[in-house]
Amino acid sequence: KNSDGEVVFELTESLVIERYIAHKHGILPTDLQASARQEQLRDQFTDIIQTAIVYHLSGDDRKPKLKERFDELANALVKFHSKALQANGNNGHYIGDSVSYIDIALYAFLKFIRTQTKAKDDDFSSYFEPEKVPEFVKVIAAVESEPTLERYFAQDVKNVTIMW
C-alpha cells in the first residue's frame, strides 16, 4: 500500500511473498546463481512439509510409504544442508558470516516442523534434533542473535498449527 492506504502491488503466493520480502530487504543476493542456490536450499524444506501434510491427510494404507518418503527426504536434506554449512566453515551461516535468506528459512522450517510434530504426535522433527544436526543449532543461534530480528523475537509470536 502507498501512504494513502491504496493497494499498489499485490501478491498472493506465500513463497513468492517470502522471496519478494527477502529481495526487498537484501537478504537474497542479486547475483542470479547465488540467489538460485539459496532458493534451491529453501525449496527442499517445502518438499518435506508437503510430504508431512499428505501423510497426515492420507489413510492408514498410504502412511508407511509416505513415512518412508519423508525419511528419504529428511535424511537427504540433513546430509545436503550439513555439507553446505560445513563448506562455509560451520559458522552458523550458509553463506558468508551474516544472516541470509536460507538461514532464516531453516530457522522457520525447524520451528514449523517442531510445532507440527508436537501437535500431531509424530516423530518428524526427530530427524533434526540438535545432537543429530549440530550445524543447525549454530544457525538457530545465529538467527536468534541477529540484531535486526530482535524486534521479531521480542514479540509474543503464536505458533500456528496446520489442521491436517
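Computed from heavy atoms alone, side chains included, the values below leave out hydrogens, waters and symmetry copies.
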Could you walk me through whether Ile102 and Leu106 pass the side chain to side chain contact (heavy atoms under 4.5 Å, CB included) check? CA-CA 6 Å; Ile102 189 58; Leu106 173 68; 5.5 Å; no
Can you tell me if Asn75 uses its side chain to pair, donor with acceptor, with the backbone of Asp71 under 3.5 Å? yes
Let me check something: do Tyr152 and Ile140 share a hydrophobic cluster, defined by ILVMFWY side-chain heavy atoms less than 4.5 Å apart, either directly or through other members? yes
Nearest heavy atoms of Leu66 and Thr51, plus distance in Å: O-CG2, 3.7 Å
Considering only heavy atoms from C-beta outward, does the side chain of Arg62 approach that of Tyr55 to under 4.5 Å? no
Glu135 and Lys138 ion-paired at < 4.0 Å: no
Checking Asn88 side chain against Gly96 main chain: does a donor-acceptor pair fall under 3.5 Å? yes
Taking the side chain as C-beta and beyond, is there a heavy-atom pair between Tyr101 and Arg42 under 4.5 Å? yes
Go through it in stages, so that I can follow the logic: the residues are Val78 and Lys132, the test is side chain to side chain contact (heavy atoms under 4.5 Å, CB included), and I'd like the CA-CA distance, side-chain angles, deciding distance and then a yes or no. CA-CA 9 Å; Val78 165; Lys132 292 181 181 175; over 6 Å; no
Exactly one of Lys63, His56, Gln116 clears side-chain hydrogen bond (donor to acceptor under 3.5 Å, both in side chains) with Asp122, and that residue is His56
Inspect the contact between Glu72 and Arg69 and indicate whether a charged nitrogen and a carboxylate oxygen are less than 4.0 angstrom apart. yes
Locate the shortest heavy-atom distance separating His23 from Pro29; write the atom from each residue and the value. CE1-O, 4.0 Å
Assign the ring pair Tyr20 / Phe9 to parallel, tilted or perpendicular, where the plane angle (0 to 90°) is split at 30° and 60°. tilted
Beyond-backbone contact of Val54 with Phe70, side-chain heavy atoms, under 4.5 angstrom: no
Answer with yes or no after comparing the ring centroid distance for Tyr94 and His81 against a 6.0 Å cut-off, counting only values under it. yes
Has the side chain of Asn91 got a donor or acceptor atom that lies under 3.5 Å from a matching backbone atom of His93? yes
Under 4.5 Å between any side-chain heavy atoms of Asp103 and Ser100, yes or no? yes
Side chains of Ser35 and Glu39: donor-acceptor distance under 3.5 Å anywhere? yes
State plainly whether the residues Asp43 and Arg19 are in salt-bridge range, i.e. N to O under 4.0 Å. yes
Does any part of the side chain of Ser125, heavy atoms only, come nearer than 4.5 Å to the side chain of Lys118, both counted from C-beta? no
Between Tyr127 and Leu77, is any pair of side-chain heavy atoms under 4.5 Å apart? no
Would you say Val99 and Ile104 make side-chain contact, with heavy atoms under 4.5 Å? yes
Looking only at atom types and distance, does a side-chain atom of Asp31 sit under 3.5 Å from a main-chain N or O of Ala34, one as donor and one as acceptor? yes
Is the shortest heavy-atom distance from the side chain of Gln44 to the side chain of Gln40 under 4.5 Å? yes
Any idea how Phe136 and Phe128 line up, ring-wise: parallel (<30°), tilted (30 to 60°), or perpendicular (>60°)? parallel
